[in-house]
There are 2 protein chains.
Amino acid sequence: MRIGELARRCGVNVETLRYYERQGLLRDPRRGSQGHRDYGEEDLRRVRFIRQAKELGFTLKEIRRLLDLRLTSEGRCAKARRLAEAKIEAIDQTLRRLQRFRKALEILVARCEENEHDGGCAILDAVDAAGSD
Amino acid sequence: MRIGELARRCGVNVETLRYYERQGLLRDPRRGSQGHRDYGEEDLRRVRFIRQAKELGFTLKEIRRLLDLRLTSEGRCAKARRLAEAKIEAIDQTLRRLQRFRKALEILVARCEENEHDGGCAILDAVDAAGSD
DNA sequence: CTTGACTCCGGACCTAGGTACGGAGTGTAG
DNA sequence: CTACACTCCGTACCTAGGTCCGGAGTCAAG
């Protein structure tokens, strides 16, 4: 498929794909007759992965390192494993923080329902309440 | 406390605090004798909240809206509630995606342990495996 | 009374991650 | 044949979120 189709199917724009290529996140694909890039399904998965990871807060550099992981040798396996374990750690921390934040928001909603009008900074008070238990 | 102390205690730098002030995330505090900003504990909570929220992926604009929420009237309560509920929704989606990503990483680690050397893109294969179940 | 540590302010600068622009080639439909 | 859609490439531009710089004032310590 050509770049326009890939872009459409991934919900990004063409310039972004060319940008990802320059950043080393996408290989320079084989070119068709007119020098047009010709992509396959693998590239589709790749781009979708990139978008997903980006939304989860990974930088393009981190994403690139993840995409570059290969399990072709003992050494590479070990390296991949180390990186993956580190990312799992980081994700776990984010999950915990996000849960706590979520709890604060629920407390906030509950207070809204109680309709106790209070002049403080609602979100900070809610965060405090979420933390103390 | 003065700006330097606040910065130190929050792990950000002084310029950042002035920047937050310009962006409306921090009020312009009362000034001491030499025109120096004088902050209280409330500001400490505020800045810590901002950093936390930022790490979780919120933009400064979103954070500002959260900080501005007050429960001082029926109308404001309703508005706060709507915003909080929307954020909870968004967080839930992120939590789900993060869990799925985490699972992919665990699959990757497991494959590293099995030591089956395979030339594909390890992370994409792992994501696929995580998705199909 | 100088030196160092803070502070003030405004404005310039920086990185990440795109987005837009402009000129040129090609392919298909009307 | 002309129009429109798509592609190529390189460069310029944009936003978010800071970070740094320089000149000036103030205080406490040596």
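What you see is a predicted model; the values in this text were computed from it and never measured. Chain A is the first sequence line, chain B the second, and so forth, proteins listed ahead of strands; every chain is numbered from 1.
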Whole-Å distance separating the CZ atom of A:Arg2 from the P atom of C:dT26:
13 Å
Hey, which of A:Glu113, A:Arg111, A:His117 is the one that makes side-chain hydrogen bond (donor to acceptor under 3.5 Å, both in side chains) with A:Asn115?
A:His117
Please report, rounded to the nearest Å, how far the P atom of C:dT15 is from the CZ atom of A:Arg22.
17 Å
Looking at B:Arg102 and B:Glu106, is any side-chain nitrogen of the basic one under 4.0 Å from a carboxylate oxygen of the acidic one?
yes
Please report the distance, rounded to the nearest Å, between OH in B:Tyr39 and C1' in C:dC8.
12 Å
For A:Asn13 and C:dG18, give me the distance from atom CG to atom P, rounded to whole Å.
10 Å
Specify the separation, in whole Å, of atom CG of A:Leu17 and atom P of C:dG18.
10 Å
Choosing from D:dC9, C:dG17, C:dC9, which nucleotide comes nearest the side chain of A:Arg18?
D:dC9
With distance as the sole test, does B:Arg70 use its side chain to make a donor-acceptor pair with the main-chain N or O of B:Leu67 at under 3.5 Å?
yes
B:Arg31 has a side chain; which of D:dC21, C:dC8, C:dC6 sits nearest to it?
C:dC8
Are B:Arg81 and B:Glu85 close enough for a salt bridge, meaning some N to O gap below 4.0 Å?
yes
Counting only side-chain heavy atoms from C-beta out, which of D:dG17, C:dC6, D:dC8 sits nearest to B:Tyr19?
D:dG17
Side chain of A:Arg37 only, please: which of D:dG17, D:dC8, C:dG18 is the nearest?
D:dC8
From the options B:Glu15, B:Arg64, B:Arg46, B:Arg51, select the one residue that forms a side-chain hydrogen bond (donor to acceptor under 3.5 Å, both in side chains) with B:Tyr20.
B:Arg51
Among D:dT19, D:dG18, C:dA20, which is the nearest nucleotide to the side chain of B:Glu15?
D:dT19
Roughly, in whole Å, what's the span from NZ in B:Lys61 to C1' in D:dA16?
10 Å
Counting only side-chain nitrogens and oxygens, does B:Tyr20 get under 4.0 Å of the OP1 or OP2 atom of D:dG17?
no
To the nearest angstrom, the CG-P distance between B:Leu60 and C:dA16 comes to 18 Å
Nucleotide nearest B:Val14 (side chain, heavy atoms from C-beta), chosen from C:dG18, D:dT7, C:dT7
C:dT7
Please classify the nucleic acid contact of A:Arg51 as base, sugar-phosphate, or nothing, using heavy-atom distances under 4.0 Å.
sugar-phosphate
Which of the following nucleotides, C:dT26, D:dT7, C:dT19, is nearest to the side chain of A:Gln34?
C:dT26
Write down the distance between CG (B:Asp28) and P (C:dC9), rounded to a whole number of angstrom.
8 Å
Nearest-nucleotide comparison on DNA chain C, the residue closer to the 5′ end among A:Ser33 and A:Val12
A:Val12
